[in-house]
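None of the values given here were measured: they were computed from a predicted structure. As the structure lists them, so they are numbered: ligands from 1, and atoms in each ligand from 1.
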Amino acid sequence: MKIPFYARYRTKQDREDLISCLDGSLATDGFYTQKVLRQISHIYPGSPATLTSSCSVALESALVLGGIKPGDEVILPSYNFPSAANGVLRAGGTPVFCDIDPDTQNISLSSAAAKITARTRAMIPVHYAGVACEMDALLKLAEEARLLVIEDAAQAIGSSYGGKPLGTLGDFGCVSFHYTKNISCGEGGLLIAGNEKACEDARCYRVHGTNRDAFFRGECDRYTWVMQGSSTAPSELCAALLSAQLPFLEQITRIRARRLSDYLTALKPLEQAGYARLMVIPDKAVPNGHIFYLRFASKALRQRVCDLLLAHGVEAKTHYVPLHLSPMGRKLGYGPGDCPESSACFDTLLRLPIHTELEAGQVWQIGEIITKGCVS
Ligand SMILES: *Cc1c(COP(=O)(O)O)cnc(C)c1O
């Protein structure tokens, strides 16, 4: 048996669109970028959005556009990729790490609330594994404390909360099309803005802070520098690949979500026997099957199961080094005692293969191997 951890969704259209893109000039924001924006408008109806070269730069620009300045504090979970924290530092702000909830590995609202000070300006919740944070309570907390909410929806295309796509509930939402994500073009991202004015600023930011977009819409005679910006638009080649993937979003999400529920069924007895905790899907959350993970009862048990899976050709992976334990986190003044649930997650979480090529029968086989590892 050989079951890879990732398998990029491939279509015949990938090749055709890429080749016909090569016949064009590759000018930024050409035919394929425009096509992707139309496709995106159906996935995120009513939410203005602009394409970026990664989710990381979408987070960076959201922080600048959201007005984060030196001295401002931004709260984000420690069990996380470094992107959002890098964005806060780039804006001159201070990232403040809070802990996670052991059911979802998403931001713990009690931990976040305890970190709010007079200098806190924003919160960056991550929808880990494509499972929504408790957004009703989170948005209420943010409103009471007057905090900007930037959703790190990097893993969350195709997921929703209360019927709304993730990335559209906060002031900004950032999505990733990195090669490991459900929809991918190698590297790419999406910045969703809460209103048209913020999106127009985001459109300027991504083309060197110029009003190039308005110029191409015929709204001015020439384009010029209007605000602080950067060069964060994706290449047309990436947009061509993305335009070939997006029509398959529903299909990809359906298959992955089915494998997620297959895993939950197959592994339920292990949870009942106390070997591991399964991921919890909150009431209003509809997940996209981006990640399937377990949290084992101990680090040693995780190691045993992981080794056994690898011996059977099943690629399983742990995940983040919590930011508060990382060398950079140490430089920011954090240490081992800071976010205990994130540290425990670092020691016990194991991700299993999930993608469109994984079959239901393989999920059951993987379940049997894990069971053998637990009871041995
Ligand atoms: C993938 C990921 C990112 C980074 O996305 P890029 O498009 O690679 O910049 C940021 N945050 C989270 C939670 C991610 O999973």
> Which word best sums up how the rings of F216 and Y223 line up, parallel for under 30°, tilted for 30 to 60°, or perpendicular for over 60°?
Replying inline: tilted
> Looking at G188, which atoms of ligand 1 are within less than 4.0 Å of one of its heavy atoms?
Replying inline: 7 (O)
> Would H319 and Y128 count as a side-chain hydrogen bond (donor to acceptor under 3.5 Å, both in side chains) if you check the C-alpha gap in whole Å, the side-chain angles of each, and the deciding distance to 0.1 Å?
Replying inline: CA-CA 11 Å; H319 212 179; Y128 183 69; 2.7 Å; yes
> What part of S56 sits under 4.0 Å from ligand 1 if we count only heavy atoms: the side chain, the backbone, both or neither?
Replying inline: both
> If you measure from each non-hydrogen atom of Y179 to ligand 1, which part falls under 4.0 Å: side chain, backbone, both or neither?
Replying inline: neither
> For ligand 1, does A154 get within less than 4.0 Å through its side chain, its backbone, both, or neither, judged by non-hydrogen atoms?
Replying inline: side chain
> Which residue owns the protein heavy atom closest to atom 8 (O) of ligand 1, what's the atom, and how far is it?
Replying inline: H178 CD2, 3.5 Å
> Can you list the ligand 1 atoms lying under 4.0 Å from a non-hydrogen atom of S54?
Replying inline: 7 (O), 9 (O)
>> Quick check: D152 and ligand 1, any N/O pair under 3.5 Å apart?
In response: yes
>> Test your reading of the structure: does S176 have an N or O sitting under 3.5 Å from an N or O of ligand 1?
In response: yes
> Near V126, which atoms of ligand 1 are under 4.0 Å from a heavy atom of that residue?
Replying inline: 13 (C)
> Of the protein's non-hydrogen atoms, which lies at the shortest distance from atom 2 (C) of ligand 1, and what is that distance?
Replying inline: K181 NZ, 3.0 Å
> Within a strict 4.5 Å, meaning less than it, do heavy atoms of the S343 and H324 side chains meet?
Replying inline: yes
> Passes side-chain hydrogen bond (donor to acceptor under 3.5 Å, both in side chains), S20 versus Y32? Steps please.
Replying inline: CA-CA 10 Å; S20 73; Y32 285 104; 2.5 Å; yes
>> Is it the case that over 12 heavy atoms from other parts of the model lie below 6.0 angstrom from the CG atom of D23?
In response: yes
> To the nearest 0.1 Å, how far is atom 10 (C) of ligand 1 from its closest protein heavy atom, and which atom is that?
Replying inline: S83 OG, 3.5 Å
>> Check this for me: does any side-chain nitrogen of one of R295 and E341 sit under 4.0 Å from a carboxylate oxygen of the other?
In response: yes
>> Restricting to non-hydrogen atoms, name the atom on E73 and the atom on V96 that form the minimum distance, rounded to 0.1 Å.
In response: CB-CG2, 3.9 Å
> Hey, is the main chain of G335 close enough, under 3.5 Å, to the side chain of D338 for a donor-acceptor pair?
Replying inline: yes
>> Using a 4.0 Å cutoff against the non-hydrogen atoms of Y320, which atoms of ligand 1 qualify?
In response: 13 (C), 15 (O)
> Does Y9 use its side chain to pair, donor to acceptor, with the backbone of T356 at less than 3.5 Å?
Replying inline: no
> What residue and heavy atom of the protein are closest to atom 15 (O) of ligand 1, and at what distance?
Replying inline: Q155 NE2, 2.8 Å
> Backbone or side chain, does any N or O of C55 fall under 3.5 Å from an N or O of ligand 1?
Replying inline: yes
